[in-house]
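Right, one structure below, let's go through it.
All heavy atoms count here, side chains included; hydrogens, waters and symmetry mates do not. Sequence positions, counted from 1, serve as the residue numbers for this chain.
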Amino acid sequence: MFRQTLFRHLSRPLPRLLSTQPSAAFAPAAPTSRFAGVPQGPEDAILGVTVAFNADPNPNKINLGVGAYRDDVGLPFVLSPVREAERRIVHAQHHMEYLPVAGSRTFVDKAIRLAYGEHNHHVKTGQVASMQTLSGTGACRMAGVLIQRFLPALDDGPRDESPLVLLPNPSWANHAAIFRDSGCTVGQYKYYDPATKSLDFEGCVSSLEDAPDGSVVLLHACAHNPTGVDPTPEQWAKLSAVLKEKRHQPFFDMAYQGFTSGDMEVDAASVRRFVDDGHRIVLAQSFSKNFGLYGQRVGCLSVLTDSQEEALAVDSQLKIIARPMYSNPPIAGVRIVEEVLSDPELERQWRMEMKGMAERIISMRTMLKGYLEELGSVQNWDHITNQNGMFCFSGISKEQVAKLRDEHSVYLTENGRISMAGVTSQNVGYLANAVHKVTM
Ligand code: PLA
């Protein structure tokens, strides 16, 4: 064997180093990489906006693409209790060992209490399967795989097909990719009416009624992304009844708890209503926005079950899903949340500053609408102040978005979504002027 290999090597022609003929070594190289055929993919619909924004030299440029909160001078904002927690953590000189696969138990316990409330029966009796996740995205992805692997057919028998996950139309741009990559089939239900720039509640109910029984229905707990349009408490009650009737599986994505009303408890009302109505919900929580921990990747997935045994079984499978994907989650961000939520004074400050963020966004809505009216815009801009949370679904067309970018260096996602969290009292006048010009 060795002799044969040696022979093959020796019998190769020697390179013609001294020859005057062009050598094969200088001819255009045949691709050697196995990835040479990989096609160029498009930039992400949301994060790609930041890439374009960063490349723009205009000093007046405004990034209203990604939903990242800015203070009133347009800078990234770190909440003061978060800074204080960080200081204490550095001072404590903690170890940096691995967390368990399911993450920090202390953090997860605090996270689920924030969502379900202090006195929830399921939480108190250990009937909630839960884990720390790579923020809200990771929670959705873990849920997608759990659903794909384990959601049974309605008669509890094996499924013939991949589970159907219904998203509101429209939804966060990443939802479809997350559930599709998890192996689920993605569908839509009616949600937003572009004519009224508000909820198409009748359409929503009827499309959920017409969907196959036992579908998974993704609901935005509050501050719907991208529309800023949430159901009223009465509408939530009706949706809860429809989902019950149809035996749909509710999946709540709660990425903006606190951003609709400024109050964490008020914004959890939809989730708590469904739980009180007896739904066994699946819930993804993100701490990116309400704690301002974007890059720390802090999130939680929970699954409400019927018993402790069931919760333990689901927990075990969540760990089996996570271990080969990323092994265990990061430790730094959860320590911050734990520190803040373990100190009543830091928690009080956090709730107050969280409310401050929500209020600043609301005041920017009023200012933007006011400026547009002052400029003499003939359009109706009531939806700017009627919509909730971080985003305004402006109704600005794709062509107008391109004009805003090319002529004014104002960056939004193509669907006309404005991240109100990036509007400040300094740039709102410039923004209103630009919006007015492209919508005249
Ligand atoms: N769910 C919804 C509805 C979201 O809008 C986002 C973030 C997430 C989950 C996930 O956020 P996380 O992983 O940071 O916790 N949406 C942003 C950012 C803010 C993004 O697209 O990644 C947005 O601009 O829409």
Side-chain angles (χ1 to χ4, degrees), residues 41-50 65-68 115 133-149 151 162-192 194 199-200 203-204 207-208 211-212 214-231 239 243 248-257 259-260 267 270-271 274 281-289 294 297 299-303 321 325 387-391 393 412-417 419:
E43 284 283 1
D44 181 74
I46 296 171
L47 303 181
V49 174
T50 304
V66 69
T133 55
L134 300 184
S135 212
T137 308
C140 290
R141 184 60 194 265
M142 287 296 301
V145 181
L146 183 79
I147 288 165
Q148 193 279 331
R149 282 197 194 168
L151 190 80
S162 61
L164 177 61
V165 178
L166 297 173
L167 310 178
N169 181 19
S171 196
W172 177 40
N174 208 15
H175 276 147
I178 290 173
F179 289 97
R180 197 187 50 231
D181 283 4
S182 307
C184 300
T185 301
V186 176
Q188 285 188 321
Y189 63 90
K190 285 190 186 156
Y191 192 80
Y192 182 75
L199 183 62
D200 172 9
C204 173
S207 56
L208 291 174
S215 304
V216 177
V217 177
L218 187 144
L219 301 156
H220 295 229
C222 60
H224 182 275
N225 176 10
T227 68
V229 169
D230 292 328
L239 289 176
L243 266 73
H248 290 327
Q249 170 63 52
F251 173 86
F252 276 96
D253 185 1
M254 184 151 67
Y256 301 94
Q257 187 180 2
F259 274 92
T260 290
D267 280 10
S270 57
V271 166
F274 269 58
I281 69 164
V282 179
L283 170 69
Q285 285 172 267
S286 166
F287 291 79
S288 293
K289 284 66 132 188
Y294 307 89
R297 314 310 292 142
C300 180
L301 173 68
S302 52
V303 181
I321 297 168
M325 251 202 292
Q387 296 171 353
N388 296 314
M390 270 207 173
F391 302 109
F393 208 44
L412 330 175
T413 51
E414 228 179 38
N415 60 2
R417 184 189 84 166
S419 172

What are the two closest heavy atoms between [X] and [Y], and how far apart are they?
{"X": "Ala45", "Y": "Thr413", "answer": "O-CG2, 3.6 Å"}
{"X": "Ala284", "Y": "Gly136", "answer": "CB-O, 4.4 Å"}
{"X": "Gly214", "Y": "Leu151", "answer": "O-CD2, 4.4 Å"}
{"X": "Ala115", "Y": "Leu283", "answer": "CB-CD2, 3.5 Å"}
{"X": "Gly67", "Y": "Arg417", "answer": "N-NH2, 3.9 Å"}
{"X": "Ala68", "Y": "Ser419", "answer": "N-OG, 4.2 Å"}

**OP:** If the plane angle is over 60° it's perpendicular, under 30° parallel, otherwise tilted; pick one for His224 and His220.
**Re:**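 Geometry flag for His220 against His224: tilted rings.
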Indicate yes or no: at least one non-hydrogen side-chain atom of [X] is less than 4.5 angstrom from one of [Y].
{"X": "Pro212", "Y": "Leu164", "answer": "yes"}
{"X": "Ile321", "Y": "Leu146", "answer": "yes"}
{"X": "Val49", "Y": "Val66", "answer": "no"}
{"X": "Tyr191", "Y": "Leu167", "answer": "no"}
{"X": "Arg141", "Y": "Thr133", "answer": "no"}
{"X": "Leu239", "Y": "Pro231", "answer": "yes"}
{"X": "Pro226", "Y": "Trp172", "answer": "no"}
{"X": "Phe179", "Y": "Pro163", "answer": "no"}

Subject >> Set of residues satisfying ring pair (Phe, Tyr, Trp, His ring centres under 6.0 Å) with respect to Tyr256, sequence neighbours excluded >> reply: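 Checked Tyr256 against ring pair (Phe, Tyr, Trp, His ring centres under 6.0 Å); matches are Phe391.
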Original post:
Sequence neighbours excluded, which residues qualify as ring pair (Phe, Tyr, Trp, His ring centres under 6.0 Å) partners of Phe259?
Top reply: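 By the ring pair (Phe, Tyr, Trp, His ring centres under 6.0 Å) rule, Phe259 matches no residue at all.
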Please check if the side chain of [X] supplies one atom and the backbone of [Y] the other of a donor-acceptor pair under 3.5 Å.
{"X": "Thr260", "Y": "Ala223", "value": "yes"}
{"X": "Ser207", "Y": "Lys190", "value": "yes"}
{"X": "Arg297", "Y": "Tyr294", "value": "yes"}
{"X": "Gln387", "Y": "Phe393", "value": "yes"}

Drop me the distance from [X]'s [atom1] to [Y]'s [atom2], to the nearest 0.5 angstrom.
{"X": "Ile46", "Y": "Glu414", "atom1": "CD1", "atom2": "CD", "answer": "12.0 Å"}
{"X": "Asn225", "Y": "Lys289", "atom1": "CG", "atom2": "NZ", "answer": "7.5 Å"}
{"X": "Asp200", "Y": "Thr227", "atom1": "CG", "atom2": "OG1", "answer": "11.5 Å"}
{"X": "Cys300", "Y": "Met142", "atom1": "SG", "atom2": "CE", "answer": "11.5 Å"}
{"X": "Cys204", "Y": "Leu199", "atom1": "SG", "atom2": "CG", "answer": "6.0 Å"}
{"X": "Ser215", "Y": "Phe251", "atom1": "OG", "atom2": "CZ", "answer": "15.0 Å"}

**OP:** Return the set of residues passing side chain to side chain contact (heavy atoms under 4.5 Å, CB included) with Ser162 (not counting sequence neighbours), or none when no residue passes.
**Re:**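 Per chain and number, Ser162 pairs via side chain to side chain contact (heavy atoms under 4.5 Å, CB included) with Thr185.
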Subject >> Positive for side-chain contact (heavy atoms from CB on, under 4.5 Å) with Phe252, one of Leu218, Val217, Val271 >> reply: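 Only match with Phe252 under side-chain contact (heavy atoms from CB on, under 4.5 Å): Val271.
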Subject >> Residue that, paired with Leu219, satisfies side-chain contact (heavy atoms from CB on, under 4.5 Å) out of Leu166, Leu243, Ile281, Asp253 >> reply: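 Of the listed options, the one satisfying the test is Leu243.
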Original post:
Should we say atom CD of Gln188 is surrounded by more than 12 heavy atoms from elsewhere, each under 6.0 Å from it?
Top reply: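 Yes.
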